[in-house]
S.K.: 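What follows is a single structure, and I will ask about it in a moment.
Every chain is numbered from 1, with letters handed out A, B, ... down the list of sequences.
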Amino acid sequence: MDIGFEDGGAITRAAVVVLAWPGLAVLEEVVHREPTRFPYVPGLLAFRELPAALAAFSRLSRRPDLVMVDGQGIAHPRRLGIAAHLGLWLDLPTLGIAKKRLCGRHGEVPDTRGDWTPLLDGDEVIGAVLRSRVGVKPVYVSPGHRLSLASAVEWTVACLGRTKLPEPTRLADRLASRRGRKSGSGQT
DNA sequence: GCGACAG
DNA sequence: ATCTTGTCGC
């Protein structure tokens, strides 16, 4: 799942792409658009993007087994990033894959694809800074709801293609930001 | 008071 | 997030 915006932010666009396991074949895609009604405030991303995301999920003809979200899971000041928040509402296992750090600190990231270093907030491990692709900025992985950090990292690595972002998030990203095309929902 | 700050 | 041309590298 990922969110995009249109008209300079006036319209929020939620995209959900369902993939099969194993194989990662695309099974279904849904796009939901609605007026944006909350500003971007670091730490309060869910208030801005969750409404549209939930609407998109309600249009799904299937109930996913695991949800990957573009954003933080528990790697959040109050351990409630958008991935964790979405998991609570959907009552499904979720994990977050962010392209930037919101909070926490970490050492150098290994250069080997698949390797990672913990993201720490004091003594607490809140996520993993993973090298998803050599020579590219790492991604921030953190459990959202109902799964461990180890599992979050495993699923992320298992879904990696040749790009920085794992397939689920990469496809949702493309669908959420791609302009034109007919809006609404659809199946494949 | 001065930075930091997911998307 | 979004806008936006060219450019470097595999």
S.K.: In this structure, how many angstroms lie between the C1' atom of B:dG7 and the NZ atom of A:K137, rounded?
M.R.: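 Whole-Å distance recorded here is 18 Å.
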S.K.: Under 4.0 Å: is that the gap between some side-chain N or O of A:K100 and OP1 or OP2 of B:dC5?
M.R.: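 No, A:K100 has no side-chain N/O under 4.0 Å of OP1/OP2 on B:dC5.
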S.K.: When we call it a touch if two heavy atoms are under 4.0 Å apart, what does A:L50 touch: a base, just sugar-phosphate, or nothing?
M.R.: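 Nothing, no nucleic acid heavy atom in range.
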S.K.: Output the rounded distance in Å from CG (A:L80) to P (B:dA6).
M.R.: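 Those two atoms, CG and P, are 16 Å apart.
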S.K.: How is A:Y40 classified with respect to the nucleic acid when contacts are heavy atoms under 4.0 Å: base, sugar-phosphate, or nothing?
M.R.: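 Base: the residue A:Y40, judged by heavy atoms under 4.0 Å, touches a nucleobase.
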S.K.: If I take atom CZ in residue A:R105 and atom C1' in nucleotide B:dA4, what distance separates them, rounded to the nearest angstrom?
M.R.: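 Going from A:R105 (CZ) to B:dA4 (C1'), I get 12 Å.
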S.K.: Any heavy-atom pair between the side chains of A:P143 and A:L95 that's under 4.5 Å?
M.R.: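 No, every pair of side-chain atoms sits at 4.5 Å or beyond.
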S.K.: With sugar-phosphate meaning primed atoms plus P, OP1 and OP2, does A:G4 contact a base, only sugar-phosphate, or nothing at under 4.0 Å between heavy atoms?
M.R.: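 Answer is sugar-phosphate: A:G4 comes under 4.0 Å of backbone atoms only.
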S.K.: Can you tell me the distance, in whole Å, between the CD1 atom of A:I82 and the P atom of C:dA1?
M.R.: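 Spelled out: CD1 on A:I82 to P on C:dA1 is 12 Å.
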S.K.: For the side chain of A:R101, counting heavy atoms from C-beta on, which of C:dT2, B:dG7, B:dC5 is nearest?
M.R.: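 Nearest listed nucleotide: B:dC5.
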S.K.: For A:H76 and B:dG7, what is the distance between atoms NE2 and P respectively, to the nearest whole Å?
M.R.: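 Rounded to the whole Å, the gap is 13 Å.
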S.K.: Salt bridge check, A:R105 against A:D121: does any charged N sit closer than 4.0 Å to a carboxylate O?
M.R.: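 A:R105 and A:D121: not salt-bridged.
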S.K.: Calculate the interatomic distance between A:Y140 atom OH and B:dA6 atom P; express it in whole Å.
M.R.: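 My rounded result for the distance is 11 Å.
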S.K.: Check the distance between B:dC5's P and A:L119's CG and give it to me in whole angstrom.
M.R.: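 Interatomic distance, CG of A:L119 to P of B:dC5: 12 Å.
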S.K.: Could you tell me how far apart A:M1 (CE) and B:dA6 (C1') are, to the nearest whole angstrom?
M.R.: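 The answer, rounded to whole Å, is 12 Å.
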S.K.: Side-chain contact test, heavy atoms from C-beta onward, threshold under 4.5 Å: evaluate it for A:E6 versus A:R33 and give yes or no.
M.R.: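 A side-chain contact exists here, since the closest heavy-atom pair is under 4.5 Å.
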S.K.: Please determine which of A:F38, A:Y40, A:F5 meets the side chain to side chain contact (heavy atoms under 4.5 Å, CB included) test together with A:E49.
M.R.: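 Going through the options one by one, the only one that passes is A:F5.
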